[in-house]
Every structure is written in C-alpha cells, then in structure tokens.
Engineer: 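Okay, here's the structure, questions in a sec.
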Amino acid sequence: MILRSLATLVLFGLLGLNWMLPTLEVSARGSDAQIRTDFDAKLAIGNRLPPLELVGLDGQIYSREDLEGHRVLLTFERSVDW
C-alpha cells in the first residue's frame with residue numbers, strides 16, 4: 001500500500017512538472033520564427049564563420065583562419081553531464 005501511494009505521488013509530481021515547465025521563463029526559447037531568423041542570419045550554409053577557436057581531440061587549437069579553404073562540418077551535441 002505504501003509503494004502504491006509513493007508511486008501515485010511520483011506520478012502526480014511528474015505530471016505537475018510536465019504542466020509547469022513550459023510556462024517557466026527559464027525554459028522559454030522564443031518563437032520558432034525568431035529562432036529560425038537568428039540562426040539563418042548567423043550560421044547559414046556558405047556564410048563566413050564568426051571568430052572562434054576550437055580545441056581538437058589532440059589538444060591543438062584551431063582558429064577560423066586555420067580552417068579557411070577546407071570543408072568543415074561542425075556538430076554540437078548535448079553532453080550528458082550538464
């Protein structure tokens with residue numbers, strides 16, 4: 001009986017988070033149109049990269065000038081530990 005009550009409480013807590021999180025300012029990301037406008041203006045295919053420094057797997061630092069003339073594919077992944 002205690003486990004059933006605890007499971008019910010957890011489910012109600014998760015439902016509450018599901019209802020509350022989209023309304024919080026922290027989780028707001030703006031409208032899709034605004035996000036597309038910001039992204040398209042800054043990082044469209046064929047545009048120059050903004051100034052940046054990247055650290056390779058070997059520890060070497062690469063700047064935008066080092067990458068000029070080469071095809072580069074940047075991928076961004078969300079880390080599990082943050």
Side-chain angles (χ1 to χ4, degrees):
M1 186 68 173
I2 293 175
L3 289 177
R4 185 178 293 175
S5 300
L6 183 60
T8 303
L9 184 63
V10 168
L11 283 175
F12 278 125
L14 290 173
L15 286 172
L17 282 174
N18 188 36
W19 173 75
M20 184 180 66
L21 282 177
T23 61
L24 293 177
E25 185 177 333
V26 173
S27 62
R29 64 181 197 133
S31 67
D32 285 342
Q34 181 64 38
I35 293 170
R36 284 191 188 103
T37 301
D38 290 345
F39 179 78
D40 290 341
K42 295 177 185 169
L43 296 176
I45 294 174
N47 286 358
R48 290 183 54 87
L49 284 173
L52 57 89
E53 287 186 347
L54 304 170
V55 180
L57 294 175
D58 56 358
Q60 183 178 354
I61 297 177
Y62 298 95
S63 67
R64 180 181 68 187
E65 290 76 24
D66 296 333
L67 302 174
E68 275 191 43
H70 300 281
R71 292 178 186 243
V72 178
L73 174 65
L74 298 176
T75 59
F76 298 92
E77 297 180 15
R78 182 176 174 181
S79 176
V80 178
D81 58 349
W82 65 284

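Note that the structure is predicted; figures quoted are calculated from it, not measured.
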Engineer: Could you work out the complete set of other residues in the hydrophobic cluster of L11, with links drawn between I, L, V, M, F, W and Y side chains under 4.5 Å apart?
Structural biologist: none
Engineer: If the condition is side chain to side chain contact (heavy atoms under 4.5 Å, CB included), which residues does E53 pass it with, not counting sequence neighbours?
Structural biologist: I61
Engineer: Please assess L14 against N18 for the test side chain to side chain contact (heavy atoms under 4.5 Å, CB included), listing each intermediate value before the final yes or no.
Structural biologist: CA-CA 6 Å; L14 290 173; N18 188 36; over 6 Å; no
Engineer: Does L3 have any side chain to side chain contact (heavy atoms under 4.5 Å, CB included) partners at least two apart in sequence or in another chain, and if so, which?
Structural biologist: none
Engineer: Scan residues 54-68 for pairs that pass salt bridge (charged side-chain N to carboxylate O under 4.0 Å, His left out), counting only residues two or more places apart or in two chains.
Structural biologist: R48-E68
Engineer: Among pairs that include at least one residue of residues 3-12, which meet side-chain hydrogen bond (donor to acceptor under 3.5 Å, both in side chains), considering only residues two or more places apart or in two chains?
Structural biologist: none
